[in-house]
Amino acid sequence: MSNVRNIKLEFLRPGPAHNQLLSPLTPYIALCNGEGPTTLYMPFEHQQLLTRLERLRYVTNGKELSAQQSDAEIHELGRVLGNIFSQIPTLISSLGSACCKKNQLIHLRLTTKAYEISLIPFELSIASDGFPGSGSPLFLQSNEPITITREAESRLSTPSDWNRSPRILFAFASPGNLPAVPFQDHLKALRRAIEPWVEYKDTAEERIKSVKKILTVLPNASLKDIRDECAKNQYSYVHILAHGDSFDHQGHKDYGLALCDETNPNKKNVIDGATLAFALTANDSPDEVQARPTLVSLSTCDSGHTGTTLVPGGSIAHALHAAGIPWVVASQFPLWMKASTIATETIYHGLFKGEDPRWLLYNLRQRLRTDCLNTHDWASIVTYASIPTDFDQQLHAFSSRQRKSKINVLFDKTVKISEITNNDLPKIDKELKKLYKDIRLELDHWQDKLTKDSSKKERAEILGIRAASEKRIGNLCLRQKNYKDASKAYQNSCDFYKQAIMADPTNHWVITQYLSMRSVLLDTNTDAEQLKSELSHWWIAVKQTALWQYNSATSTEKIWALATQAEQELLGSTYDEHYDRNKTKKEIKRLCQELVDTVELTDLGPFPIFSTCRQFKRYRDDWSSGDPTYRKEWAILAKAALDILAK
């Protein structure tokens, strides 16, 4: 269950999005969660607000403003903005009901099509009486955490998929006489963020290739460079580091992005938001719009600043969002270089861990407030976001994907290190034990995320993954002839599988793995007979359960049901009172062939076959020696399965 409560606040007025100036005489309709419309007047003349915003740019008319002047303007403007929110009764009511739950984030979704409303820096708001944290910045106070995003009402209605394989395009530029951008700091921040997901390789050259699978860098980027790269590859995230610059837009001052000219890197081209959007969505086609980035971060001064409200366009961030990019993080004021690096590290470190981006934004403001003193970078961050109805489900699936991927990278590293042949065995053993500890710690953190509202299926899945991980650790220890640690890991695996069964007794895969590990732990024929007497009825029941699921399953579910049925047939050598080797071999071959044929009809790729092969190889290579007698049968039956699967 999500720990984020959404509150949607809309500001409506008649007429087009552009060609309207702020005025205390202009009425707006404020709708909070679609209820209780309130007529509202913005307490600004347009030029008056522009003057106040100019005083938040640190330098005005060539003179540097003192911190005291900026602080006074922030406080006064924040108080006025807080009063605007206080005039909306339904917002006060919605916040009051949302504040009833602990450890919950309130997400205020500000929606409007009016460019002049986008000019107002609501992120500066100071909480009025009756609001959480009265008298302090509304989106910094920690009594009841609140984060704010914006949404362009005219945004293209395109589906978004948060659960994608993460890949970053990092483009930076500082053409002409513009100051150098801190690209090395940003690159280091991105590398730290992706490090746990980079495949372990023996050489630096191979490791760079692994990094490039996740992170692509475009130095001295031009618009054409960005367009060509986005046309060739799909990126879930795009991070652009460049200077903001003003340009003339139909006779009015507007803000754009200073990129390099495609023919001369020293020449500056100022790109508007709509043109940049065309480049970033270059991979779109009538049949597939999901090629566009899910999130674009702009480390660019004024990228969230609406330069002019008189002509169509809006800010760079607004234009990107209106073009169908679901998430855009930008800056509505000049952003200090230190703050841009902190923002990059905070955002991408959290994204790759599968954290909720709404919580990331809240935490980012907190960090900027404490780490960037004498600035208002915390208020400069402006985010445009569209939240689909199934966003929490997408986020949960992506978080699980990232945790599994991180654990697999750690296991891949343990396998490669365990295969090293040199005389420094104590050093290898020490490194392996550290990796096992890291894997278990990651699994601990994953399980700690479970709440009382977590479903039985989710709880069983995580416990099952913990059990499977302990089994893999046990196999690695066994191959290192570390029998004591192997036995301990196998026992841990057995215990976790038992807990998973208690969480979801209908999961046939978990029960099958429990039966497998119980038999792996035995080392005498007497114990084997006792085990058969104790659990043979479990084996019969789980075989029938897998068959029932197979008969009513989708293609994907059928594949895993077939893999489980094949393993259950092998375990018949342990649990079946009427075990027949030839009959069992024949049935295993039939099931494996059907599994291969079914996989070929799907788009799952080779992973189901790889995973099933890996399990049967454990029976053949790791668990087939010694007593009980059924271990010798495992080797024979596993070979029958692998003869089919290995083709």
Side-chain angles (χ1 to χ4, degrees), residues 415 418 464 467-498 501 508-543 546 563-592 610-646:
V415 171
S418 67
S469 298
E470 290 289 345
K471 177 169 60 181
R472 293 175 72 176
I473 291 173
N475 291 339
L476 288 164
C477 292
L478 191 67
R479 292 167 197 167
Q480 293 293 110
K481 295 183 170 51
N482 186 346
Y483 301 114
K484 180 180 178 181
D485 286 351
S487 178
K488 183 178 179 180
Y490 287 148
Q491 185 59 59
N492 289 341
S493 175
C494 199
D495 293 342
F496 281 125
Y497 278 130
K498 184 67 176 291
I501 294 171
H508 61 75
W509 173 79
V510 169
I511 299 174
T512 301
Q513 299 312 306
Y514 175 70
L515 293 175
S516 171
M517 293 314 301
R518 282 292 302 271
S519 56
V520 166
L521 282 167
L522 301 187
D523 53 14
T524 69
N525 286 311
T526 301
D527 290 339
E529 288 300 318
Q530 185 176 346
L531 182 67
K532 181 188 294 185
S533 174
E534 178 188 350
L535 294 178
S536 60
H537 60 291
W538 281 44
W539 177 78
I540 295 169
V542 77
K543 275 192 69 178
T564 301
Q565 285 178 295
E567 187 174 358
Q568 289 166 352
E569 289 295 330
L570 178 145
L571 290 172
S573 61
T574 304
Y575 294 103
D576 188 0
E577 295 284 355
H578 308 289
Y579 167 69
D580 183 309
R581 178 193 292 172
N582 292 331
K583 182 179 177 181
T584 301
K585 281 177 63 177
K586 184 177 179 181
E587 181 62 9
I588 287 175
K589 287 185 175 183
R590 184 192 70 79
L591 290 166
C592 289
F610 166 79
S611 177
T612 308
C613 277
R614 182 173 62 187
Q615 181 68 348
F616 277 108
K617 285 178 180 178
R618 290 166 179 157
Y619 286 103
R620 185 194 65 185
D621 301 335
D622 297 328
W623 302 332
S624 60
S625 60
D627 287 330
T629 308
Y630 57 66
R631 291 182 182 272
K632 297 179 179 61
E633 295 297 313
W634 286 356
I636 296 169
L637 299 175
K639 182 180 182 302
L642 292 167
D643 286 345
I644 302 297
L645 297 170

Does a donor on one side chain sit under 3.5 Å from an acceptor on the other, for Glu567 and Thr512? no

Checking Ser516 against Tyr497: is there a side-chain donor and acceptor pair closer than 3.5 Å? no

Closest non-hydrogen contact found for Ala566 with Cys592 is CB-SG, 4.2 Å

Who passes side-chain contact (heavy atoms from CB on, under 4.5 Å) against Tyr483, sequence neighbours left out? Leu478, Lys481

Pairs involving residues 486-495, ordered by first then second residue, that meet salt bridge (Lys or Arg N to Asp or Glu O under 4.0 Å) (sequence neighbours left out): none

Closest heavy-atom pair, Ala546 versus Gln565, reported as atoms and distance to 0.1 Å, is CB-CG, 3.9 Å

Run the ring-ring contact (aromatic ring centres under 6.0 Å, His included) test against Phe616 and tell me which residues pass, sequence neighbours left out. none

For a quick test of reading the model, state the closest non-hydrogen atom pair linking Trp509 to Gly464 and the distance between them. CH2-O, 4.0 Å

Can you pull the salt bridge (Lys or Arg N to Asp or Glu O under 4.0 Å) pairs that have at least one residue in residues 576-586, sequence neighbours excluded? Arg581-Glu633

Spell out, as yes or no, whether a donor-acceptor pair under 3.5 Å connects the side chain of Ser624 to the backbone of Ala635. no

Tyr514 and Trp538 aromatic centres sub-6.0 Å: yes

Considering residues at least two apart in sequence or located in another chain, which fulfil the salt bridge (Lys or Arg N to Asp or Glu O under 4.0 Å) criterion with Arg479? Asp622

side-chain contact (heavy atoms from CB on, under 4.5 Å) involving Arg631 - partner list, sequence neighbours excluded: Trp623, Pro628, Trp634

Test item: Ser469 and Phe496 side chains (from C-beta on) under 4.5 Å apart, heavy atoms: no

Run the numbers on Glu569 and Lys543 for side chain to side chain contact (heavy atoms under 4.5 Å, CB included), then give the verdict. CA-CA 8 Å; Glu569 289 295 330; Lys543 275 192 69 178; 2.9 Å; yes

Kindly compute the distance separating CG (Asn482) from CG (Asp485), expressed to the nearest 0.5 Å. 4.0 Å

Under a 3.5 Å cutoff, is there a donor and acceptor pairing between the side chains of Gln568 and Glu587? no

Separation between CG (Leu531) and OG1 (Thr526), nearest 0.5 Å, reads 12.5 Å

Heavy-atom closest contact (Ser493 atom, Met517 atom, distance): OG-CG, 3.6 Å

Excluding sequence neighbours, so at least two apart, what forms side chain to side chain donor-acceptor pair (under 3.5 Å) with Gln480? none

Intermediate values then yes/no, side chain to side chain contact (heavy atoms under 4.5 Å, CB included), Thr584 and Leu637: CA-CA 8 Å; Thr584 301; Leu637 299 175; 4.0 Å; yes

Taking side-chain contact (heavy atoms from CB on, under 4.5 Å) as the test, write out the residues that go with Ser533, two or more places apart. none

Looking at CG of Asp621 and CG of Leu642, how far apart are the two atoms once the value is rounded to the nearest 0.5 Å? 8.0 Å

Could you tell me the separation between the CD1 atom of Ile644 and the SG atom of Cys613, rounded to the nearest 0.5 Å? 10.5 Å

With Lys639 via salt bridge (Lys or Arg N to Asp or Glu O under 4.0 Å) - residues at least two apart: Asp643

List for me each residue that meets salt bridge (Lys or Arg N to Asp or Glu O under 4.0 Å) alongside Lys532, sequence neighbours excluded, and say none if there are none. none

Drop me the distance from Trp539's CH2 to Thr574's OG1, to the nearest 0.5 angstrom. 10.0 Å

For Leu571 and Tyr630, run side chain to side chain contact (heavy atoms under 4.5 Å, CB included): C-alpha distance rounded to whole Å, both residues' side-chain angles, the deciding distance at 0.1 Å, then the answer. CA-CA 9 Å; Leu571 290 172; Tyr630 57 66; over 6 Å; no

Please list, chain by chain and in numerical order, all residues satisfying salt bridge (Lys or Arg N to Asp or Glu O under 4.0 Å) with Glu534, sequence neighbours excluded. Arg518

When rounded to the nearest 0.5 Å, the distance separating OG of Ser573 from OH of Tyr579 is 5.0 Å

With sequence neighbours excluded, residues passing side-chain contact (heavy atoms from CB on, under 4.5 Å) with Thr629: Asn525

Check the pair Lys471, Arg618 against side chain to side chain contact (heavy atoms under 4.5 Å, CB included), reporting the backbone distance first and the verdict last. CA-CA 10 Å; Lys471 177 169 60 181; Arg618 290 166 179 157; 3.6 Å; yes

